[in-house]
Protein chains: 2
Amino acid sequence: MQYQLDQAKEILRRTPATLNALLSDLPNDWVLSNEGPDTWSPYDVIGHLIEGEETDWIPRARIILEQGEERPFDKFDRFAMFEKSSGKSLLELLAEFEKLRGESLRQLDELKLTPELLQKQGLHPVLGVVTLSQLLSAWVVHDLGHIRQIVRVMATQYREAIGPWTEYLTIVN
Amino acid sequence: MQYQLDQAKEILRRTPATLNALLSDLPNDWVLSNEGPDTWSPYDVIGHLIEGEETDWIPRARIILEQGEERPFDKFDRFAMFEKSSGKSLLELLAEFEKLRGESLRQLDELKLTPELLQKQGLHPVLGVVTLSQLLSAWVVHDLGHIRQIVRVMATQYREAIGPWTEYLTIVN
């Protein structure tokens, strides 16, 4: 599929509701367990998604539109949420993400992007030259990738419990 | 985590709402695209989950409780949904799955399972001897595995669109 703004927004606007349906009021054993040292729990992932709304997607889109390749993106801090989420409940984080995502989508609309603007280029500090279209596509895939991570982390908690079904249910491997 | 009935039901009862949030009213390009020949679209996966409610989880639990290892489970038809879903919209399938899952959970409650009953054994036609606890754990992991599959199939549609981000967003590989 080619990137299409309207189609992409259909995913972006669903992510908060999907995460709410999947996680809200779930027992802590599901929400706070990770896959071992230096891995993330579903709780950690929500904090990471919040950080993305605040410092990654729309801010980088603005850099591309306003400064192009002259000004590389700031590096994204993949661990900022460990401090910022501290003391907050999962429900608070889910509500915060929902609010920020709504604001991001409003800002996205205000950019009034055209096919020409979507081809504008920016400079990623590691990946090099990227287009606005690629950045906005990555936003969608990033959402889906972290939903995938959350369900994998949860499934992994039952690796022993399913016994011989590990052969079929490859998500636990 | 050890299997605990109440904890497991928390996942099972959320799956229909998660799938509704993720998929209902989504454009067909997201819902009907698969990953190539002999792979499943999100639409196909919902049909497969319906088939599981009708012929797999609760029916097999009953076989274990009523007949134990004497009567192997029927083989699960992983392709039945291609015929059974035919002509139905995704919204119809999502509603059907939600209804069937609600019925499955009511039946699960009616079984009044105890820790002793959860250790009862049955005979899987390929995997051999399994416990009821393992079957019910597999039900949870099966849900999570298919949510993972759905988001992966959707993300894959943007493999080209994200350009150099393929390096970071490994869900598309």
Side-chain angles (χ1 to χ4, degrees), chain A residues 1-4 6-8 10-11 14-27 29-30 33 124 126-131 133-138 140-152 154-165 167-172, chain B residues 1-4 6-8 10-11 14-27 29-30 33 124 126-131 133-138 140-152 154-165 167-172:
Chain A
M1 278 166 66
Q2 297 286 312
Y3 179 79
Q4 290 182 42
D6 285 350
Q7 242 172 12
E10 290 290 331
I11 304 285
R14 277 172 171 78
T15 302
T18 301
L19 294 171
N20 274 316
L22 184 64
L23 296 175
S24 57
D25 296 317
L26 205 58
D29 280 349
W30 288 119
S33 298
H124 187 286
V126 178
L127 300 174
V129 175
V130 295
T131 65
S133 163
Q134 289 168 343
L135 172 73
L136 297 177
S137 303
V140 170
V141 173
H142 184 266
D143 270 19
L144 296 170
H146 282 296
I147 296 171
R148 171 174 176 253
Q149 178 184 23
I150 286 170
V151 293
R152 187 192 67 224
M154 288 162 65
T156 303
Q157 311 308 321
Y158 266 8
R159 187 190 283 138
E160 307 299 325
I162 63 175
W165 263 283
E167 193 178 318
Y168 290 166
L169 302 171
T170 53
I171 187 174
V172 300
Chain B
M1 278 166 66
Q2 298 285 311
Y3 179 80
Q4 290 182 42
D6 285 348
Q7 241 173 11
E10 290 290 331
I11 305 286
R14 277 170 170 80
T15 303
T18 301
L19 295 171
N20 274 317
L22 185 64
L23 297 175
S24 57
D25 297 317
L26 204 58
D29 281 349
W30 288 119
S33 297
H124 186 284
V126 178
L127 299 175
V129 174
V130 295
T131 65
S133 163
Q134 288 168 342
L135 172 73
L136 297 177
S137 303
V140 170
V141 173
H142 184 265
D143 270 19
L144 297 170
H146 283 295
I147 295 171
R148 172 177 176 250
Q149 177 184 22
I150 286 170
V151 294
R152 187 192 66 223
M154 287 161 66
T156 304
Q157 310 309 319
Y158 267 8
R159 185 189 285 138
E160 307 300 326
I162 62 176
W165 264 283
E167 193 180 315
Y168 290 166
L169 301 171
T170 54
I171 186 175
V172 301

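Chain letters run A, B, ... following the sequence lines, proteins first, then strands; residues in each count from 1.
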Look at [options] and state which one has the largest set of heavy-atom pairs under 4.5 Å with chain A.
| options | answer |
| --- | --- |
| B:Ala21, B:Gly128, B:Ser33 | B:Ala21 |
| B:Asp143, B:Ile147, B:Leu26 | B:Leu26 |
| B:Arg159, B:Arg14, B:Gln4, B:Gln7 | B:Arg14 |

[options]: which one forms the most heavy-atom pairs within less than 4.5 Å of chain B?
| options | value |
| --- | --- |
| A:Tyr168, A:Tyr3, A:Trp30 | A:Trp30 |
| A:Gln2, A:Gln134, A:Met154 | A:Gln134 |
| A:Asp25, A:Ile162, A:Thr15 | A:Ile162 |

Result of checking B:Gln149, B:His142, B:Arg148 against A:Ile171 for side-chain contact (heavy atoms from CB on, under 4.5 Å): B:Arg148
Approximate separation, where rounding is to 0.5 Å, of [X] [atom1] and [Y] [atom2]:
| X | Y | atom1 | atom2 | answer |
| --- | --- | --- | --- | --- |
| A:Leu144 | B:Tyr158 | CG | OH | 10.0 Å |
| B:Ile11 | A:Gln157 | CD1 | CD | 10.0 Å |
| B:Ser137 | A:Glu160 | OG | CD | 11.0 Å |
| A:Leu169 | B:His146 | CG | NE2 | 8.0 Å |

Could you tell me which portion of [X] (side chain, backbone, both or neither) has an atom closer than 4.5 angstrom to a non-hydrogen atom of chain B?
| X | value |
| --- | --- |
| A:Glu167 | side chain |
| A:Val172 | side chain |
| A:Ile150 | neither |
| A:Thr156 | neither |

Could you walk me through whether A:Val151 and B:Thr18 pass the side-chain contact (heavy atoms from CB on, under 4.5 Å) test, one step at a time? CA-CA 11 Å; A:Val151 293; B:Thr18 301; over 6 Å; no
Should the pair B:His124 and A:Trp165 be assigned to parallel (<30°), tilted (30 to 60°) or perpendicular (>60°) ring geometry? perpendicular
Between B:Val141 and chain A, with a heavy-atom cut-off of 4.5 Å, which part of the residue counts as in contact: side chain, backbone, both or neither? both
